[in-house]
**Q** 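Here's a structure for you.
Quick caveat: nothing in here was measured; it's all calculated off a predicted structure. Scope of the values below: all heavy atoms of this structure, side chains included, with no hydrogens, waters or symmetry mates. Just so it is clear: chains get the letters A, B, ... in the order the sequence lines come, proteins before strands, and each one is counted from 1.
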Protein chains: 6
Amino acid sequence: MPLVSIKILEGRTIEQKRGMAKDVTEAIVKNVGCPAAAVQIDIVELKPENISQGGKLFSDKPPM
Amino acid sequence: MPLVSIKILEGRTIEQKRGMAKDVTEAIVKNVGCPAAAVQIDIVELKPENISQGGKLFSDKPPM
Amino acid sequence: MPLVSIKILEGRTIEQKRGMAKDVTEAIVKNVGCPAAAVQIDIVELKPENISQGGKLFSDKPPM
Amino acid sequence: MPLVSIKILEGRTIEQKRGMAKDVTEAIVKNVGCPAAAVQIDIVELKPENISQGGKLFSDKPPM
Amino acid sequence: MPLVSIKILEGRTIEQKRGMAKDVTEAIVKNVGCPAAAVQIDIVELKPENISQGGKLFSDKPPM
Amino acid sequence: MPLVSIKILEGRTIEQKRGMAKDVTEAIVKNVGCPAAAVQIDIVELKPENISQGGKLFSDKPPM
């Protein structure tokens, strides 16, 4: 604890995930004052057909 | 916001997902009064061996 | 299963929640073909200071 | 309800999942007093590159 | 990791939560083989008006 | 999308939440390349009796 869950469009590289994990952890430590070791992050990757905004699937429109 | 997360047995077609995204969004807009664009939905598909009810895996009994 | 989790700004009335539960359930049954009794919904209400978009808390800007 | 979601490193066998589903359900029934049939569990399996502790991806260090 | 999230009707005693935390942790350790210290559990308590099954709020019918 | 959910011990100040929202958003934008406006964060605050590590409630031991 803190536990961070990030839902994101699939297809990020491991370098992007590595940087995101490091920087999000630092952002939380800086503001909350907990030890870095206490910050757990999980990344849930979603296919475009499993995301909808405004009632439209991402697979039916250009991805963000 | 509103954020909707739907966990569902894997294997729905994209037509089912498209209809579900559209209709769930409309159901929320109708009742909450937010703009449709504010409604985000993600679908997390689960294998039968990753769902349990009553202590039994779905893969060990007929799926619902 | 299906399991639906809805995160929403706090302050909806019970009538809004009742309508949303009924209509979201029907939207899923219509598209997925499961029995209504299989659809579970939970609503997690969030305070404006616990929601951020674009790096800004909802409590620091007009709510949607 | 109760709804239990378990995030876990990928690669468990179906026997491990079957035992976990049975035993976690019993643990909840014992303490909460609900019928076993009311306990739903979903398992979300994560790749080592999608888990971080202390700002480091599991794929960059020995898995737990 | 493993991370366990339990959504449950509000109103359980601290003794029930304490027993559930201990027994669910043991159930996971027994089946997965991880150290107990790696098992994190969070409990999200829900009001009856924030749970629906079959399109009906729990606050509109007898709780389970 | 990306959607970030942060579970954290209750009792953070609004200044801590404001800083965390801003910095976590920047950390994600920097690594993923999405617009800041696409990053949504929700914070779920947990009471010490609703968090367990190693089978022990936080309310039964010193908080982190």
**Q** Please walk me through it: do D/Q53 and D/F58 pass side chain to side chain contact (heavy atoms under 4.5 Å, CB included)?
**A** CA-CA 7 Å; D/Q53 188 168 19; D/F58 268 38; 4.0 Å; yes

**Q** Of all of E/V32, E/N31, E/I41, which one pairs up most often with chain D through heavy atoms under 4.5 Å apart?
**A** E/N31

**Q** Nearest 0.5 Å, please: how far is OG in D/S5 from CD in D/Q40?
**A**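 Here the interatomic distance stands at 11.5 Å.
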
**Q** Which residues in residues 15-25 of chain E have any heavy atom lying under 4.5 Å from a heavy atom of chain D?
**A**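 So far as heavy atoms go, E/Q16, E/G19, E/M20, E/D23, E/V24 are the residues that approach chain D to under 4.5 Å.
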
**Q** Among residues at least two apart in sequence or on other chains, which ones pass salt bridge (charged side-chain N to carboxylate O under 4.0 Å, His left out) with E/K7?
**A**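 Counting only residues at least two positions away or on another chain, E/K7 forms a salt bridge (charged side-chain N to carboxylate O under 4.0 Å, His left out) with C/D42.
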
**Q** Going from CD1 on D/I8 to SG on E/C34, what distance comes out if it is rounded to the nearest 0.5 angstrom?
**A** 6.5 Å

**Q** Answer with side chain, backbone, both or neither: which region of D/I51 has an atom nearer than 4.5 Å to a non-hydrogen atom of chain E?
**A**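 D/I51 touches chain E through side-chain heavy atoms alone.
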
**Q** Taking all heavy atoms of E/P2 and all of E/I28, pick out the closest pair and write down the distance.
**A**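 Here E/P2 and E/I28 meet closest at CG-CG2, 3.8 Å.
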
**Q** E/E45 versus E/L9: any side-chain heavy-atom pair under 4.5 Å?
**A** no

**Q** With a 4.5 angstrom heavy-atom cut-off, which part of E/L46 approaches chain D: side chain, backbone, both or neither?
**A**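 Looking at E/L46, just its side chain touches chain D.
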
**Q** What are the two closest heavy atoms between D/K47 and D/E10, and how far apart are they?
**A** CG-OE1, 3.3 Å

